[in-house]
Amino acid sequence: MTAAGGRFLVAVTACVSGVAHTYMAAERLEKLCQQEKWTIKVETQGALGIENALSEEDIRRADAVLLITDIDLAGADRFIESRYVQSGIYVFLRDPQKVMGALRKLLSAPQRTHIILSS
């Protein structure tokens, strides 16, 4: 999903079964970012494997990363140098504004800042 101007974000979504919630979270992220006029690229990890994989360049140029997952991510070490918000997928789906609020705070934080949200 691309929106004019603003920030560039990347995200990974993944749920336990790798089906519905993975894609629901990706779609919700895209809509929220579109409202903010931010550009986002979302990688999904699920039953079909990794789709829309983030490149090293995507991650390097991202203003922030969202890790929305209830499972261990494949390639999670790619994000260690980035600033990111990590949240469970169910937490995000229940209260997306909690995650977006943390993201807004994160955007002014130094690289390597990691915010981990719990229920």
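All residue numbers in this chain count up from 1 along the given sequence.
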Please step through side chain to side chain contact (heavy atoms under 4.5 Å, CB included) for the pair His114 and Ile80, ending with a clear verdict. CA-CA 9 Å; His114 304 154; Ile80 199 70; 3.9 Å; yes
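A perpendicular orientation is assigned to the rings of His21 and Tyr90, their planes being inclined by more than 60° (bins at 30° and 60°).
At a threshold of 4.5 Å between non-hydrogen side-chain atoms, the residues Leu103 and Leu9 count as touching. Counting heavy atoms from C-beta outward, Thr69 and Val12 have side chains that stay 4.5 Å or more apart. Counting heavy atoms from C-beta outward, Glu43 and Val10 have side chains that stay 4.5 Å or more apart. Contact check for Arg112 versus Glu81: side-chain heavy atoms found under the 4.5 Å cut-off. Inter-residue side-chain proximity for Asn52 and Thr44 is flagged as unmet; no heavy-atom pair is nearer than 4.5 Å.
Residue Met24 is grouped with residue Val85 when hydrophobic side chains (ILVMFWY) are merged at heavy-atom distances under 4.5 angstrom, including chains of intermediate members. By the rule that hydrophobic residues join a cluster once side-chain heavy atoms approach within less than 4.5 Å of another member, Ile40 and Leu67 end up as members of separate clusters. In the hydrophobic cluster analysis, where Ile, Leu, Val, Met, Phe, Trp and Tyr join through side-chain heavy atoms closer than 4.5 angstrom, Leu73 is grouped together with Val65. Ile59 and Ile50 are not part of a single hydrophobic cluster, where members link through side-chain heavy atoms under 4.5 Å apart. Placement of Phe79 and Leu106 in two distinct hydrophobic clusters is found when ILVMFWY residues are connected by side-chain heavy-atom separations under 4.5 Å, directly or transitively.
The two residues Val99 and Ser87 come nearest to each other via the heavy atoms CG2-OG, 3.6 Å. Scanning both residues, Cys15 and Thr22, for their nearest heavy atoms gives N-OG1, 2.9 Å. Here the closest non-hydrogen pair linking Val42 and Ala26 is CG1-CB, 3.6 Å. Ile115 approaches Ala102 most closely through the heavy-atom pair CD1-O, 3.7 Å. Taking both residues in full, the closest heavy atoms of Leu32 and Gln97 are given as CD2-NE2, 3.6 Å, listed atom of the first, atom of the second, then distance. Scanning all heavy atoms of the two residues, the minimum distance from Ser17 to Ala47 falls at O-CB, 4.1 Å.
Atom-to-atom distance recorded for Leu117:CG and Ile68:CD1 is 8.0 Å, nearest 0.5 angstrom. Distance CZ/Arg104 to CD/Glu36: 4.5 Å, rounded to 0.5 Å. In this structure, Arg60 CZ and Leu54 CG are separated by 14.0 Å, a value rounded to the nearest 0.5 Å. Rounding to the nearest 0.5 angstrom, the gap separating the CG atom in Leu107 from the CZ atom in Arg7 is 4.5 Å. Interatomic distance, Asp70 CG to Phe92 CZ, rounded to the nearest 0.5 Å: 12.5 Å. Separation of atoms OG1 (Thr13) and CG (Leu93) is listed at 9.5 Å; rounding is to 0.5 Å.
Around CD of Glu57, the count of heavy atoms belonging to other residues, nucleotides or ligands within 6.0 Å exceeds 12. Enclosure of atom CD in Glu51 by more than 12 non-hydrogen atoms of other residues, nucleotides or ligands within 6.0 angstrom is indicated.
Judged by distance alone, the side chain of Arg28 and the main-chain N or O of Pro96 form no donor-acceptor pair under 3.5 Å. In terms of modelled atom types and a separation under 3.5 Å, the side chain of Lys41 and the main chain of Phe8 share no donor-acceptor contact.
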